[in-house]
Amino acid sequence: MKGLKIQLKITLWYTLLTAATFLLFSLLIYFFAERLSSEDFYKRLDIRAVMVAHANFPQSAASSYLIKNLRNEYLEKLPFEKEYFQEIRDENSYSIPALNLPGEFYENLKIYNNASYKSKDTYYAGILHKQGRKKIVVIVAAQNEYIKNQLINLKLILLLGFLLTIGLTFFLGFLFSKQIFLPIRKMTQRVKEINTENLHLRLSENTNKDEVGDLAHTFNNMLDRLETSFESQNNFVSNASHELSTPLTSIIGEAELALSKERNPEEYRQAMLIVLQDAERLKAIIQSLLNLAQTGFDGKKQQMVLLRTDELVVNAKSAVDRIYPDNKIHIDYSLMPEDEQLLKIKGNESLLTLALTNIMLNACKYSNNDEVKVGIGATNQHVVLLIQDKGIGIPASDIQYIYDPFFRASNTGKIKGYGIGLPLARNIVRIHKGELKVSSVVNEGTLVELYLPAASRF
């Protein structure tokens, strides 16, 4: 069945299984029909053997006459019916020489007073008849022509039924599988229509909670991720080209202006100062891009060691203090567990410190250096870090893009930034098999939640 379509494969397998089942039942029907007919025919031969014995070796002449009349009146002669009887004169020999019957037949006759045997189409039934002290072996043989014809007809009926069943099963199975695969064919056709220019298209999801519905739902989720990825890529290229070209344009412009004519040392100094500032800005952007690339979700393996989360928070706070000495970050230890072991995680110290530093810097920067609370908590499964500020917040329409590199919310105004910190922090958290959540209300503040797996679950 290699190379066949799944629909045809299912139809063929369904047909084969049905055919095998029908064939098995047909063989069982034929077997039991033949067996029952043989048992019935043996009983008929037994009756004839008894009547032959009493007719030829009667207890009285009257009984012999009566039995012969009954036999002629009510019992039709069987096809190829023959009668054999012989008086036993030697207890060691019950056989009738005219018949070529196996010794087992006579042994059963001697032990059980009756026996039966079949040779090709001929049936034999024998009894051991006693007349006074005499023992007579009586055997009746005949062919079961009527049942034989019935079994032939039964064979033809079963064979015809078998062929019709295969044909009907294949036809119905093909229609059934065609109906089953109709939604999948529609999905295939729909998927072929989707390309980079119309990623907004989606597959129809039926209301039935079946495998086809799950498949369509999975495809739609994948298309959601692809569409988001394409949009993120477009935003990244657009913003990165803008962010990189701005300082480069300024550097080139200042250099051309400085070289356009002879200038005094102070003018050269001012030009070089502008070039230096733009070069540093360009370096910061490039360094941010390198950090982001190196901490990609599928990035290189990082060395993980046992760390205490509260110590990481303190280290990140110290890094922020060097940049914003007058920051108002307050570490809340009230949620910490009594068991300090629950605060331990496995991770890369420098990367996690970088992630926490970026989040805290964002909190200070976008809250105009207002109060920022950092809470530390833990469960048996996770260590939880909460960074809450009272800043400008993020508009609801921008939340979905906050992890796009270089994306900045529409209300950031003249607040400086490159839009790298949050995507970088999320990549670092992902490397540590954690989760980062952001919720925000405009003009009320932003809450960042970090969930890192406890050391025992890493």
Side-chain angles (χ1 to χ4, degrees), residues 23-162:
L23 181 61
L24 177 61
F25 276 105
S26 298
L27 291 174
L28 289 173
I29 290 171
Y30 185 81
F31 171 77
F32 286 112
E34 184 182 36
R35 184 172 179 178
L36 290 173
S37 66
S38 297
E39 291 178 355
D40 180 68
F41 196 67
Y42 280 129
K43 288 179 181 178
R44 295 171 68 182
L45 291 180
D46 283 339
I47 293 173
R48 280 170 167 74
V50 171
M51 297 188 77
V52 167
H54 283 284
N56 291 280
F57 303 96
Q59 299 297 329
S60 64
S63 63
S64 175
Y65 177 77
L66 178 62
I67 290 172
K68 286 180 179 179
N69 282 341
L70 287 172
R71 182 183 178 191
N72 294 330
E73 185 73 23
Y74 296 104
L75 294 180
E76 61 176 332
K77 192 170 181 64
L78 298 174
F80 303 99
E81 182 178 349
K82 293 181 181 180
E83 303 167 357
Y84 305 90
F85 43 84
Q86 175 178 294
E87 183 179 350
I88 298 174
R89 301 184 183 280
D90 184 359
E91 283 293 329
N92 296 321
S93 177
Y94 279 65
S95 62
I96 298 177
L99 297 175
N100 187 22
L101 297 176
E104 185 181 356
F105 177 87
Y106 295 108
E107 285 295 323
N108 288 335
L109 196 63
K110 183 178 179 181
I111 297 172
Y112 303 110
N113 295 332
N114 62 68
S116 59
Y117 177 71
K118 180 185 177 184
S119 176
K120 296 182 179 178
D121 294 331
T122 303
Y123 292 77
Y124 298 88
I127 64 170
L128 187 61
H129 178 68
K130 295 179 181 180
Q131 187 186 42
R133 294 183 178 181
K134 292 181 180 180
K135 290 183 179 180
I136 301 100
V137 173
V138 181
I139 299 175
V140 178
Q143 291 187 7
N144 196 354
E145 290 292 330
Y146 176 72
I147 296 300
K148 181 180 178 181
N149 292 332
Q150 279 191 330
L151 290 176
I152 291 173
N153 291 333
L154 180 60
K155 280 183 182 178
L156 292 174
I157 292 171
L158 291 175
L159 178 61
L160 182 61
F162 178 73

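We count residues from 1, following the sequence as given.
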*Any side-chain heavy-atom pair from Glu104 and Tyr117 closer than 4.5 angstrom?*
no
*Between atom CG of Asn113 and atom NZ of Lys130, what is the distance when rounded to the nearest 0.5 Å?*
5.5 Å
*Quick one: side chain to side chain contact (heavy atoms under 4.5 Å, CB included) partners of Leu23, sequence neighbours excluded?*
Leu27, Phe162
_Reported NZ-to-CD distance for the pair Lys155 and Gln150, which is rounded to 0.5 angstrom_ = 14.0 Å
*asked:* How long is the straight-line distance from OG of Ser26 back to CD1 of Ile157, given to the nearest 0.5 Å?
replied: 11.0 Å
_Results of side-chain hydrogen bond (donor to acceptor under 3.5 Å, both in side chains) for Asp121 - residues two or more places apart only_ = Lys148
*Look at atom CZ of Phe25 and say whether more than 12 heavy atoms of other residues, nucleotides or ligands are closer to it than 6.0 Å.*
no
*Measure the CD1-CD1 distance between Ile136 and Ile127 for me, rounded to the nearest 0.5 Å.*
9.5 Å
_Nearest non-hydrogen partners of Tyr123 and Lys118, listed with the distance_ = OH-NZ, 3.5 Å
*Would you check if Asn108 and Asn114 make a side-chain contact, meaning some heavy-atom pair closer than 4.5 Å?*
no
*Search all heavy atoms of Thr122 against all heavy atoms of Ala141 and return the closest pair with its distance.*
CG2-CB, 4.2 Å
_Where Ala125 and Asp46 come nearest, the two heavy atoms and their spacing_ = CB-OD1, 3.4 Å
*Report the distance from atom NZ of Lys110 to atom NZ of Lys135, rounding to the nearest 0.5 Å.*
8.5 Å
*Report yes if the side chains of Gln143 and Glu81 come closer than 4.5 Å at any heavy-atom pair, otherwise no.*
no
*Determine, using ring centers only, whether Tyr124 and Phe105 are less than 6.0 Å apart.*
no
*Just by distance, do the side chain of Tyr106 and the backbone of Ile96 share a donor-acceptor pair under 3.5 Å?*
yes
*Taking the side chain as C-beta and beyond, is there a heavy-atom pair between Phe85 and Val137 under 4.5 Å?*
no
*asked:* Please check: side-chain N/O of Asp40 versus main-chain N/O of Leu36, any donor-acceptor pairing under 3.5 Å?
replied: no
_Rounded distance [0.5 Å steps], CD1 in Ile111 versus CG in Leu128_ = 12.0 Å
*Thinking salt bridges, do Arg35 and Glu39 make one under a 4.0 Å N-O criterion?*
yes
*Side-chain contact, heavy-atom cut-off 4.5 Å: Lys82 with Tyr84?*
yes
*Does the side chain of Val140 reach to within under 4.5 Å of the side chain of Leu78, using non-hydrogen atoms?*
no
*asked:* Going by side-chain hydrogen bond (donor to acceptor under 3.5 Å, both in side chains), name the residues that satisfy it together with Ser119, two or more places apart in sequence or in a different chain.
replied: none
*asked:* Atom CG of residue position Asn153 - does it have more than 12 heavy atoms of other residues, nucleotides or ligands inside 6.0 Å?
replied: yes
*Just wondering, do Leu151 and Ser37 contact through their side chains at under 4.5 Å, heavy atoms?*
yes
